[in-house]
Amino acid sequence: MKAMLLRNPAPVETNPLEYVDVETPSPKSEEVLIKISKCGVCRTDLHIVEGELPPPKLPIIPGHQVIGRVVEVGSAVEGVAPGEMVGVPWLYYACGECKYCRRGLENLCDKALFTGYSVNGGYAEYMVAHYRFIHKIPGGFSELEAAPLMCAGAVGYRSLRLTGLLGSDGVLGLFGYGSAAHLMLQTARKLGLRVFVFTSSPWKIEHALRNGAEWAGRTSEEPPSRLDAAIVYAPVSQVFIEALRKVDKGGRVVLGEIYMTPIERLEYRLLWEEREVKTVANVTRRDVSEFLQLAVKHGIKPEVKTFKLEETNEALKELKHGRSLGQIVLDIS
């Protein structure tokens, strides 16, 4: 099969991913073999490829927003049949037995494996996945639309849940307007929240307003009112500080990135008055399934730009340099 292989992390400008022939994997007893048709390109992939998140396995095939059809199932697989359309998210496997898994926090499992990071992922024509950690894709989505929901949607939704605002009419700030924020703006508005968007790009401000934001402006600007909670999707510590400055008493800032630049100075006065900071680590199967149901119910869909598998380096360059919202999908079919 064809795949984009990372042997050594390096800046995407050097084209570190190689378009190569590799052996098609075979499923073990609890695995399924998936013929991949689409794979979303995520900022986490960029951090892996460039070495900000050094992968535990090299060489590695990145990619963790995978959509495809099951073509073969292992001997112990139940409830999954060849021909079904499924998705593979970032969480590839959790043990189900540790204290975190028993608490419903399988995203923190000490034995967790992650797609395209600790095991080969979706920048390829085929992959294997554990049958308990794949997701059947509901009707109403094309394969192209479903791919970003596996991570941008699922991690974005976990961030939204952790704000504590669901079920209220509170004011939510979204800092950084890329793939996840674009989907969560739609979701939060459908769930009755007021949403302010903060970004450094004028064209993204205009897009956020067209997409339903009550207000949108530059990160340094003061919004019409203080925020009840904020989600930071930008991997920049200064953006996090700006979010803290704008959150009201008792509010919470959720950091939705897997990587962030060092936080050099944090003044206690920004945390005082019972403000909270919460980080998001990975996703659970609940996050993915609940968001898929919400997306179907409310018609939440991404805007997508496609690249071919062999153009993955170019797709990552586009993501890095901010020429799109980040809804980039590899068309592998």
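Computed from a prediction, not measured in an experiment: that's the story for all the values here.
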For [Y], does its backbone N or O pair with a side-chain atom of [X] as donor and acceptor, under 3.5 Å?
{"X": "Lys305", "Y": "Ala315", "value": "no"}
{"X": "Arg226", "Y": "Arg245", "value": "yes"}
{"X": "Asp248", "Y": "Asp228", "value": "no"}
{"X": "Gln186", "Y": "Asn211", "value": "no"}
{"X": "Arg285", "Y": "Arg132", "value": "yes"}
{"X": "Gln65", "Y": "Ala152", "value": "yes"}
{"X": "Glu106", "Y": "Cys101", "value": "no"}
{"X": "Thr261", "Y": "Ser237", "value": "yes"}
{"X": "Arg158", "Y": "Thr284", "value": "no"}

Kindly indicate whether the side chain of [X], heavy atoms from C-beta on, has any atom under 4.5 Å from the side chain of [Y].
{"X": "Ser29", "Y": "Ser75", "result": "yes"}
{"X": "Tyr126", "Y": "Val71", "result": "yes"}
{"X": "Trp215", "Y": "Glu221", "result": "yes"}
{"X": "Met1", "Y": "Pro25", "result": "yes"}
{"X": "Cys42", "Y": "His64", "result": "yes"}
{"X": "Glu72", "Y": "Pro82", "result": "no"}
{"X": "Glu314", "Y": "Val12", "result": "no"}
{"X": "Val128", "Y": "Lys28", "result": "no"}

Between [X] and [Y], does any side-chain N to carboxylate O distance fall below 4.0 Å?
{"X": "Lys320", "Y": "Glu13", "result": "yes"}
{"X": "Arg265", "Y": "Glu267", "result": "yes"}
{"X": "Lys308", "Y": "Asp331", "result": "no"}
{"X": "Arg69", "Y": "Glu143", "result": "yes"}

Cluster overlap [X] with [Y], hydrophobic side-chain contacts below 4.5 Å:
{"X": "Leu149", "Y": "Val329", "value": "no"}
{"X": "Val277", "Y": "Ile258", "value": "no"}
{"X": "Tyr100", "Y": "Val283", "value": "no"}
{"X": "Val304", "Y": "Leu183", "value": "no"}
{"X": "Val32", "Y": "Leu91", "value": "yes"}

Heavy atoms from other residues, nucleotides or ligands near NZ of Lys317 exceed 12 (cutoff 6.0 Å): yes
Got more than 12 heavy atoms from elsewhere within 6.0 Å of NZ, Lys57? yes
Anything under 30° is parallel, anything over 60° is perpendicular, the rest tilted; go ahead and classify His130 against Phe133. perpendicular
Rounded to the nearest 0.5 Å, what separates atom [atom1] in [X] from atom [atom2] in [Y]?
{"X": "Leu185", "Y": "Arg210", "atom1": "CG", "atom2": "CZ", "value": "12.0 Å"}
{"X": "Met85", "Y": "Ile134", "atom1": "CE", "atom2": "CD1", "value": "12.0 Å"}
{"X": "Ser37", "Y": "Glu125", "atom1": "OG", "atom2": "CD", "value": "12.0 Å"}
{"X": "His298", "Y": "Arg189", "atom1": "NE2", "atom2": "CZ", "value": "12.5 Å"}
{"X": "His47", "Y": "Leu53", "atom1": "NE2", "atom2": "CG", "value": "6.5 Å"}
{"X": "Phe198", "Y": "Glu242", "atom1": "CZ", "atom2": "CD", "value": "9.0 Å"}

Tell me the closest heavy-atom pair linking [X] and [Y], and the distance in Å.
{"X": "Ser159", "Y": "Tyr233", "value": "CB-OH, 3.8 Å"}
{"X": "Leu309", "Y": "Ala124", "value": "CD1-N, 3.9 Å"}
{"X": "Glu30", "Y": "Ala76", "value": "CG-CB, 4.0 Å"}
{"X": "Gly40", "Y": "Ala147", "value": "N-CB, 3.9 Å"}
{"X": "Ala230", "Y": "Thr163", "value": "O-CG2, 4.5 Å"}
{"X": "Val232", "Y": "Ala243", "value": "CG2-CB, 3.7 Å"}

Using the rule side chain to side chain donor-acceptor pair (under 3.5 Å), only one of Asn282, Asp287, Thr115 pairs with Trp90; which is it? Asn282
Cation-pi check, Lys2 to Tyr19: give yes when NZ or CZ is under 6.0 Å from the six-membered ring centre and within 45° of the ring axis, no otherwise. yes
Might you work through the side-chain contact (heavy atoms from CB on, under 4.5 Å) test for Lys111 and Cys98, ending with a clear yes or no? CA-CA 9 Å; Lys111 297 180 180 179; Cys98 68; over 6 Å; no
Go through the steps to decide whether Arg275 and Glu273 satisfy the test salt bridge (charged side-chain N to carboxylate O under 4.0 Å, His left out), and finish with yes or no. CA-CA 6 Å; Arg275 294 176 180 86; Glu273 297 178 315; 3.2 Å; yes
Output, in order, the C-alpha distance, side-chain angles, deciding distance and verdict of side-chain contact (heavy atoms from CB on, under 4.5 Å) for Ser26 and Leu33. CA-CA 7 Å; Ser26 298; Leu33 177 65; over 6 Å; no
I'd like to know whether Leu160 forms a side-chain contact (heavy atoms from CB on, under 4.5 Å) with Leu193, so could you lay out the CA-CA distance, the side-chain angles of the two residues, the decisive distance to 0.1 Å, and finally the verdict. CA-CA 11 Å; Leu160 182 58; Leu193 297 176; 4.0 Å; yes
List the steps and the verdict of side-chain contact (heavy atoms from CB on, under 4.5 Å) for Ser225 and Phe196. CA-CA 9 Å; Ser225 64; Phe196 300 163; 3.6 Å; yes
